[in-house]
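These notes concern the structure reproduced below.
Order of listing sets the numbers, starting from 1, for every ligand and every atom in it. Values in this document were obtained by computation on a predicted structure and should not be read as measured data.
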Amino acid sequence: MSIIQDWPEPIVRVQSLSESNLRAIPNRYVKPLSQRPNINSHNKHNPHTTTTIPIIDLGGLYTDDITLQAKTLDEISKACRESGFFQVVNHGMSTQLMDQAKATWKEFFHLPMELKNMHANSPKTYEGYGSRLGVEKGAILDWSDYYFLHYQPSSLKDYTKWPSLPLHCRDIIEDYCKEMVKLCESLMKILSRNLGLEEDMLQNAFGGKEESGGCLRVNYYPKCPQPELALGLSPHSDPGGLTILLPDEQVAALQVRGSDDAWITVELAPHAFIVNIGDQIQKMLSNSIYKSVEHRVIVNPANERLSLAFFYNPKGDVPIEPLKELETVDSPALYLSTTFDRYRQFIRTQGPRSKCQIEELKSPR
Ligand code: OGA
Ligand code: NI
């Protein structure tokens, strides 16, 4: 595996461009016509685009009411099979911690550029402050900056790669990620049970609790003077296992690809998390029982936006392949085996590219 050492072009912070009050965005952020968001026309004539993703109350799992428990499991099962995306409320994290996490990251992105640049990242590990995904020279870029860090496994956790300011931010990130791991571990059990598997099967296939990966990508989308030409994040499906997103409730910008291929703008419930299935789970639960669905982010001329994406991933070097328990004569394994470390190299070199990577892994028939 070739490891890329550096960016192909000098890095430009999108935030700096945004703050310089340009009227026109530079060409390298202008998407080709076919990829531009239809900012003004969405929702107008197409009733499908107004549907949002299901909202699931996780409180139902922790009552004595068996009927309610079963109904909640069922809702999760349906959401994983159909939309691949759902929102959860009563998820166990305090609204205070959610607000603190957003506030500390907002503060980070508003620190002076010299301080942020002390954490500048490279494509070698992507950890730190970054402004592009992919290393292709001359690529059309997305209108966002981000911060990426590892929380687990402990062998990858390195506080020196986390921001040192604002004060207490490391404590808040620590508390936030710890809760995220708890939520992911319980979702992994639910997903396993919902497929008729032993509760720990999915987690074991990920390489066990201690070795599974947990990383945080904080996306910062500055205001954009020409939102009809650009994207905050190009269409992609998440390469990992599960994603838990804490979005900005004030600015609707996440769009999910609906079954009719139209882009649906996600409307948010207050203090909800958005959960979505990543490619590794789609791949393991062969036959695509659970869907890793394509999504993208649009930008806004009047408001900046911040989101926290927590990725829960398999251990980097375990082969991930369709679970034998789910294969039948009628539905043989659909995908070839790969490790997550290898799989992740694709998005890290090519950048976000719809769903073409998982399609390439389809086993020859
Ligand atoms: C991601 C992602 C969506 C958002 O980070 O993979 O899809 O709303 N983010 O920022
Ligand atoms: Ni994503």
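Looking only at N/O/S atoms, D238 comes nearest to the Ni ion (ligand 2) through OD1. Among heteroatoms of the N, O or S kind in H295, NE2 lies nearest the Ni ion (ligand 2).
By the 30° and 60° cut-offs, the orientation of the rings of Y129 relative to Y147 is parallel. The aromatic rings of Y220 and F109 lie parallel to each other, with less than 30° between the two planes, well short of the 60° mark.
For the residue pair S237/E294, the side-chain donor-acceptor check at 3.5 Å is not satisfied.
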Contact table ligand 1 N or O to protein N or O, d under 3.5 Å:
unit_1, atom_1, unit_2, atom_2, d
ligand 1, 5 (O), N219, ND2, 3.1
ligand 1, 6 (O), H236, NE2, 3.1
ligand 1, 6 (O), D238, OD1, 3.2
ligand 1, 7 (O), H236, NE2, 3.2
ligand 1, 7 (O), H295, NE2, 2.9
ligand 1, 8 (O), R305, NH1, 3.1
ligand 1, 8 (O), R305, NH2, 2.9
ligand 1, 10 (O), N219, ND2, 3.4
ligand 1, 10 (O), Y221, OH, 2.7
ligand 1, 10 (O), S307, OG, 2.6

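E228 and K31 are not joined by a salt bridge, as no carboxylate oxygen comes within less than 4.0 angstrom of a charged side-chain nitrogen. The existence of a salt bridge linking E75 and K78 is excluded, since no basic side-chain nitrogen approaches an acidic carboxylate oxygen closer than 4.0 Å. Note on K178 versus E174: no salt bridge recorded, every NZ/NE/NH1/NH2 to OD/OE distance being 4.0 Å or above.
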Please step through side chain to side chain contact (heavy atoms under 4.5 Å, CB included) for the pair V297 and Y221, ending with a clear verdict.
CA-CA 9 Å; V297 177; Y221 306 96; 3.5 Å; yes
